[in-house]
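One structure is given below, encoded as structure tokens.
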Amino acid sequence: MTETYDVVIAGSGPAGGQCARDLAARDYDVVVLETEAEDEFPRQSNKSTAGTFPSTMAAFGIPDEVVMNFTDEVVLESPTNHYVQTQAGAVLEFADFKNFLVDEARADGAEYRFDARVTKPILEGGEIVGVKYNGSEEIYADIVIDATGPSAPLAKALDVTDLKRENQAIGVEYEMRGIDVDHDEYADLTDAMMLRLDHRYAPGGYSWIFHTGDDTAKVGVCYIQNESHSTYARSGYGIDDYLQRWLDTDPRFEEAERIEGKQHRGSAHIQLPTGMSTDNFMAIGDTVPTVDPLWGEGIGTCMRSGRAAAITADYCLIHDAIDTSAENMAIYDRLWHRDVAPTMENRLLMVELLYRAPNSRYDELMADLERFDDDTLARANSGNKRAIARLLKLRDVPILANLARTRLSERFGN
């Protein structure tokens, strides 16, 4: 017996979960296929630092019950300096948050199948009409959505996106107790989310402490496997070695210990997307990379991506004559560029400039930020060219020149 749905979604992260939630609320027949077993969900996919901001909380009705700690400030650290910006935020318990999305979608009629690994698309006439999972199992749908993140089995098979491993960001995070969040030598991190730019601990990336209450916090390291990482990397070091080095040398962790079972790993791609949709198909969330240069906030972009996909599906399916052609599915592409990742190319430029700079430049940046208003940093993070230019100095010319050479080489394949 052939199983047919309006929409099948592969992956139940923030993007897939929100998309299912929106579509179920509109009474569409939607099924979500999730690799993990239900009794373990989301153990393996519990990857996020889960820091987000009031705009995301309000826009998607995220309840306080999934928040570990509400924060009042964002702190940027360099090796010898820091900058504090007043900015409300929330650190989510990511597992509770993902289960909230599942429960919300199920309450409105969405079907979830756990322990269901999607392997490849089902094609008819060169177009995707369904998916295969767990080897021989098949599901058909008018619209298929890949929300599986960097694995992207459907998007890759359809040649919709090209995720380059050389631009892959990898990260590891521990939840810890016994942390001195108000150490005399550093900024007070009480009720704060802190990001540290320091190549000793995160060559070509950043490390973080997200306060989760009392003496507990999420502590992690992330770097991009690119030219900058190669420049600053230590021989023989992997991602866990860098995090351990930070834990061993930063006095804030002198009495700290890991909380058992609270280790998270993840990856993403830092690049411009090569594609997002085709006939009957959309790639959403981390399957289509986005960047947030300073805050690294991925939950909001993934949720907006899921909502954009739901809006597109609604448009394509609501009429008597269902039209899921590539032309109609491209509505998602336009919503993505407008609402999910506007000025994506400029934001990618900001990322590359930031992580190519030496540690001494980070110290200088902290001092510069004290002279600017908070809006300058926010606008630079959003890709505003004028704001980015305000943060640059003459000593950054070699970094810009090297970046230009790299981009030309990538474009022309030299």
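In this chain, numbering begins with 1 at the start of the sequence shown. None of these values were measured; they are calculated from a predicted model.
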Short side-chain donor-acceptor distance under 3.5 Å, Thr212 and Asn69: no

Say whether, by atom type as modelled, one donor and one acceptor occur between the side chain of Arg21 and the main chain of Phe60 under 3.5 angstrom.
-> yes

dist Ser277:OG -> Tyr332:OH (nearest 0.5 Å) comes out at 8.5 Å

| message | Tell me whether Lys262 is salt-bridged to Glu93, with the criterion being a basic N under 4.0 Å from an acidic carboxylate O. | response | yes

* To do: Verify, without hydrogens or angle tests, whether Lys218 (side chain) and Phe210 (backbone) share a donor-acceptor contact under 3.5 angstrom.
  => no

Q) So, does Ser207 use its side chain to make a donor-acceptor pair with the main chain of Ala202 at under 3.5 Å? A) no

Q) Hey, does the side chain of Thr312 reach the backbone of Ala308 with a donor-acceptor pair shorter than 3.5 angstrom? A) yes

Between the OG1 atom in Thr290 and the CG atom in Leu348, the distance rounded to the nearest 0.5 Å is 11.0 Å

- NZ/NE/NH1/NH2 to OD/OE distance under 4.0 Å, Glu104 and Lys98: no

The reported gap from OG1 in Thr278 to CD in Glu327 (rounded to nearest 0.5 angstrom) is 12.5 Å

Just by distance, no angles: are the side chains of Tyr140 and Glu138 close enough, under 3.5 Å, to form a donor-acceptor pair? yes

_Under 3.5 Å, is there a donor on one side chain and an acceptor on the other for Asn346 and Asn384?_
no

Q: Inspect the contact between Arg245 and Asp250 and indicate whether a charged nitrogen and a carboxylate oxygen are less than 4.0 angstrom apart.
A: no

- request: Quick one: sort the Phe97 and Phe94 rings into parallel, tilted or perpendicular, breaks at 30° and 60°.
  value: tilted

- Task: Please check if the side chain of Glu34 supplies one atom and the backbone of Ser12 the other of a donor-acceptor pair under 3.5 Å.
- Result: yes

**OP:** Find out whether the Lys NZ or Arg CZ of Arg196 is both under 6.0 angstrom from the six-membered ring centre of Tyr201 and within 45° of the ring's axis.
**Re:** no

Original post:
Side-chain donor-acceptor pair under 3.5 Å between Asn328 and Asp323, yes or no?
Top reply: yes

Test item: side-chain donor near acceptor, Glu111 and Tyr5, under 3.5 Å
yes

For Tyr28, does the six-membered ring have the charged nitrogen or CZ of Arg26 within the cation-pi criterion, i.e. under 6.0 angstrom from the centroid and within 45° of the normal? no

dist Met303:CE -> Arg307:CZ (nearest 0.5 Å) comes out at 7.5 Å

### Message
Could you check, using the six-membered ring where one of them is a Trp, whether Tyr223 and His199 have ring centers closer than 6.0 angstrom?
### Response
no

- Query: Between Tyr133 and Arg113, is any side-chain donor less than 3.5 angstrom from a side-chain acceptor?
  - Reply: yes

Review point. Are the charged groups of Asp368 and Arg371 less than 4.0 angstrom apart, N to O?
Key: yes

Per side chain to side chain contact (heavy atoms under 4.5 Å, CB included), Leu158 is matched among Leu123, Asp279, Asp146 by Leu123

Exercise. Do the side-chain N and O atoms of Asp142 and Thr324 include a donor-acceptor pair separated by under 3.5 angstrom?
Worked result: no

Closest heavy-atom pair, Ser267 versus Pro150, reported as atoms and distance to 0.1 Å, is O-CG, 3.4 Å

In this structure, CG of Asp162 is separated from NE2 of His269 (nearest 0.5 Å) by 9.0 Å

Carboxylate-amine/guanidinium contact Glu77 Arg252, below 4.0 Å: yes

Q: State, without any angle test, whether Gln18 and Asp22 hold a side-chain donor-acceptor pair at a distance under 3.5 Å.
A: yes

Would the distance check show the side chain of Asn280 and the main-chain N or O of Ile128 forming a donor-acceptor pair, the cut-off being under 3.5 Å? yes

Between Asp214 and Thr216, do the side chains contain a donor N or O and an acceptor N or O under 3.5 Å apart? no

Rounded to the nearest 0.5 Å, the OG1 atom of Thr148 sits from the CZ atom of Arg117 at a distance of 10.0 Å

